[in-house]
Student: 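Encoded as structure tokens, here's the structure I'll be asking about.
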Amino acid sequence: MIDLRSDTVTKPSKGMLDAMMSAPVGDDVFGEDPTVNKLQDYAAELFGKQAAIFCASGTQTNQIAINLHVQPGGEVICHYESHVFKYEGGGIAKNSGASTRTVGGSRGRIHVAELEPWMNPPNDVHYPLTQLVSIEDTSNRGGGAIYDFDEIKNIRTFCNSKGLPLHLDGARVCNALVENNIDMQEYGSQFDSISVCLSKGLGAPVGSLLLGDIDFIERARRVRKVFGGGMRQAGYIAAAGLYALEHNIQRLKKDHDHAKRIEAQLHKMEWVEDVLPVETNIVVCILKDHGRVQEFVSKFEHNGILIMPFGKGMLRMVTHLDISESDTNKLCEAIATM
Ligand SMILES: *Cc1c(COP(=O)(O)O)cnc(C)c1O
């Protein structure tokens with residue numbers, strides 16, 4: 001089966017497995033796992049942040065960050081299609097007692113002009129206190145769309161003018177940075193906190209990192225424990241994450257090339273109404289007949305290809321490091337026959 005449902009489906013390579021098997025480990029709740037510490041230091045340096053903490057998932061890193069940035073009764077501004085709002089089980093309300101002000105913007109990205117109208121007046125007791133802006137780069141629901149770096153800088157400037165922290169849900173941030181050749185440290189300096197998934201296109205089996213300054217990450221360590229996320233000999237899985245950061249960042253470009261070939265093939269098909277312009281590793285295809293999503297998911301499956309229904313009239317295909325050139329050829333050939 002060629003599995004394009006998500007970039008989370010990758011299995012560790014031989015090199016990654018070897019790194020895992022030979023990792024030195026210790027009790028990470030005591031801060032004594034050398035491999036976890038190495039991964040955290042490596043990632044912090046990569047993005048030019050002071051510190052990092054290794055967590056179980058991207059939901060956990062996002063939720064810890066939000067919990068630290070807001071107080072109960074406060075408000076988070078995020079896009080209405082963002083993962084933190086839509087796909088984390090209501091965690092902002094449940095874990096942090098905060099409300100969300102969702103805003104629009106093309107393909108999952110907030111335009112800085114969308115922010116000003118939703119700044120609640122801090123001296124009027126009717127309103128929740130606006131306490132955080134959270135953005136997602138690349139945007140999943142936006143079909144892997146990348147933020148214009150100037151837009152991010154404008155959002156940062158705006159947040160500074162309001163005294164607001166800025167969080168990045170960077171589940172696929174490396175896809176964005178590699179594709180647009182952006183300096184990782186300059187990029188990192190725009191955010192108070194950054195969540196990075198190791199288990200997406202980077203190919204590790206488990207884990208995400210939360211990055212920030214030393215004080216923030218120390219406080220994150222407490223929240224992670226309270227959320228039940230303190231791990232012991234986590235070095236075995238941290239080794240996979242370290243291997244992923246050391247070996248699998250630049251190769252993300254290949255996934256983008258494969259996705260662009262799939263896009264081109266889909267455009268040739270009469271049953272396709274449109275494809276969201278492919279920028280990274282996510283292909284979102286809109287069918288002419290919106291009622292045929294399940295039918296096409298089954299058609300692909302009969303051809304040995306797994307894809308994801310993605311809402312009304314839409315199919316999602318995600319490329320990743322277990323999708324080879326020849327898989328991409330096979331996929332394009334299969335699409336051509338449908
Ligand atoms: C996958 C993903 C996450 C985190 O998901 P987990 O499954 O909890 O690791 C967060 N944000 C975005 C945009 C994602 O795609």
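Not measured: the values here are computed from a predicted model. When a residue number appears, it is its place in the shown sequence, counting from 1. Whatever order the structure lists them in is the order used to number ligands and atoms, beginning at 1.
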Student: Which atom names give the shortest non-hydrogen contact between A244 and M16, and what distance separates them?
Tutor: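 Closest heavy-atom pair between A244 and M16: CB-CE, 4.0 Å.
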
Student: Over 60° means perpendicular and under 30° means parallel, so classify the ring planes of Y243 and H247, tilted if in between.
Tutor: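 Ring orientation, 0 to 90° scale: parallel.
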
Student: Compare all side-chain heavy atoms of V70 with those of S96 and state whether any distance is below 4.5 angstrom.
Tutor: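 Side-chain contact under 4.5 Å: yes.
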
Student: Which protein N or O atoms sit under 3.5 Å from any N or O of ligand 1? Give atom names and distances.
Tutor:
{"from": "ligand 1", "atom 1": "8 (O)", "to": "G58", "atom 2": "N", "distance (Å)": "3.4"}
{"from": "ligand 1", "atom 1": "8 (O)", "to": "T59", "atom 2": "N", "distance (Å)": "2.9"}
{"from": "ligand 1", "atom 1": "8 (O)", "to": "T59", "atom 2": "OG1", "distance (Å)": "2.6"}
{"from": "ligand 1", "atom 1": "9 (O)", "to": "G58", "atom 2": "N", "distance (Å)": "2.8"}
{"from": "ligand 1", "atom 1": "11 (N)", "to": "D169", "atom 2": "OD1", "distance (Å)": "3.1"}
{"from": "ligand 1", "atom 1": "11 (N)", "to": "D169", "atom 2": "OD2", "distance (Å)": "2.6"}
{"from": "ligand 1", "atom 1": "15 (O)", "to": "R172", "atom 2": "NH1", "distance (Å)": "3.0"}
{"from": "ligand 1", "atom 1": "15 (O)", "to": "K200", "atom 2": "NZ", "distance (Å)": "2.8"}

Student: Mind telling me whether F300 and W271 have parallel, tilted or perpendicular rings, with 30° and 60° as the class edges?
Tutor: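 Answer is perpendicular, since the angle exceeds 60°.
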
Student: Does the gap between the ring centers of F149 and Y187 come in under 6.0 Å?
Tutor: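 Ring centroids of F149 and Y187 are less than 6.0 Å from each other.
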
Student: So, taking the atom named CG in N181 and the one named CD in E179, what distance separates them when rounded to the nearest 0.5 Å?
Tutor: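 If we round to the nearest 0.5 Å, N181:CG and E179:CD are 9.0 Å apart.
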
